[in-house]
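All ligand and atom numbering here is 1-based and tracks the order in the structure. Atom set for the values below is all heavy atoms of this structure, side chains included, hydrogens, waters and symmetry mates excluded.
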Amino acid sequence: MDKSCLQYSLTEEERRTFDETGYLILENILSEEHVAALTKEVDSIYEAKLREGHDPKKAMFHPNFIPDHHLFADLVDYEKVLPKVWGILGWNIYLYHCHMIVTPPNGLEKNNKTFGWHQDSGRMNREMESHPRPRVSLKVAYFLSDISEAGRGNFYIVPNSHLKDDDIVVPDGEGQPEGAIPVRVKPGTAVFFDRRLWHAASPNWSDITRKVLFYGYGYRWVRTKDDMTVSGLWESSSPIRRQLLGAGKNADSYYTPTDADVPLRTWLQEHAPELARW
Ligand SMILES: O=C(O)CCC(=O)C(=O)O
């Protein structure tokens, strides 16, 4: 990492927004050219899936896409985003999960059926006994298509719901939880969200295909959620990217890391010591 990335460190205002609302919207994180280059790769994967028989009316959920192109790997330690991730979670982190979602127009009449509301990480929301349960991970969603209007397969959220855990009421079949809003953003926007924030995908009733990349960061002692095949990238990656792609000397290194396991800590000790102390 070049230390110039510190200009993108999490600000106190961003921290407050994220802590209080459970999400943070950052516009123009990707340039137009960057969006175009990523979109080209997403389109080529989507077209290949269609040729393999994917239903063109259904969303394509494609996990473990980092090895598909270097542009996807380059976002794992993207200088405008990673400093904000470590500002929230600290240095003992890695990419535990990622998915690309392409949501084509569904060609159906608009309706108000309840979306698939959830908090991330499945059993974590049952088997941890505290309330509210701990954060543990977050996702960064990079929007490549224009979802500045509702009805375009928007990502939906219930702001402030991250500290309410299972106290929110999800309607049974019709309607959305109280306070639900569509996230409406332009291409190139990154949306950070706490894994506990109640959220949902929604149908695409527009004529614009929605394209988005989700990067999930969590502590190194959290298991991967995808069948990740990123270890093939370790050798050609920088030390910090290697950490973010899940490298570690042995099983215990995920719980009790040495300097060799967490080059991000060493880097922060040198360049931003206040972030390396815990
Ligand atoms: O596709 C979406 O907008 C929602 C994605 C989602 O639910 C998730 O990443 O957990």
Here the atoms of ligand 1 under 4.0 Å from any heavy atom belonging to A201 are 1 (O), 2 (C), 3 (O), 4 (C)
Check this for me - ligand 1, H99, N or O atoms closer than 3.5 angstrom, yes or no?
yes
For ligand 1, indicate whether the residue F155 contacts it via side chain, backbone, both or neither (heavy-atom separation under 4.0 Å).
both
Report the nearest protein non-hydrogen atom to atom 5 (C) of ligand 1: residue, atom name, distance rounded to 0.1 Å.
F214 CZ, 3.5 Å
Show the atoms of ligand 1 that are less than 4.0 angstrom away from any heavy atom in K139.
8 (C), 9 (O), 10 (O)
With a 4.5 Å cut-off on side-chain heavy-atom distances among I, L, V, M, F, W and Y, is there a chain of contacts connecting I240 to L71?
yes
Only residue of K164, Q119, M124 satisfying side-chain contact (heavy atoms from CB on, under 4.5 Å) with R196 is Q119
To the nearest 0.5 Å, tell me how far L144 CG sits from K186 NZ.
14.5 Å
How far is atom 7 (O) of ligand 1 from its nearest protein heavy atom, and which residue and atom is that?
H118 CE1, 2.9 Å
Are any non-hydrogen side-chain atoms of V185 and I147 less than 4.5 angstrom apart?
yes
Among H199, H62, H99, whose ring pair (Phe, Tyr, Trp, His ring centres under 6.0 Å) with F214 holds?
H99
Heavy-atom side-chain proximity of M100 to V42 below 4.5 angstrom:
yes
Honestly, for V212 the part within reach of ligand 1 (heavy atoms, under 4.0 Å) is neither
Atom indices of ligand 1, in the order listed, that fall short of 4.0 Å to a heavy atom of I101:
1 (O)
Using a 4.0 Å heavy-atom cut-off, which part of R195 comes near ligand 1: side chain, backbone, both, or neither?
neither
Check whether any side-chain heavy atom of W267 sits under 4.5 Å from a side-chain heavy atom of W86, and report yes or no.
yes
May I ask which of R210, H97, Q119 has a heavy atom nearer to atom 3 (O) of ligand 1 than the others do?
R210
Check the pair R265 / D259 against side chain to side chain contact (heavy atoms under 4.5 Å, CB included), numbers first and verdict last.
CA-CA 7 Å; R265 175 174 62 185; D259 285 350; 3.0 Å; yes
At a 4.0 Å threshold, what atoms of ligand 1 neighbour a non-hydrogen atom of H199?
6 (C), 7 (O), 8 (C), 10 (O)
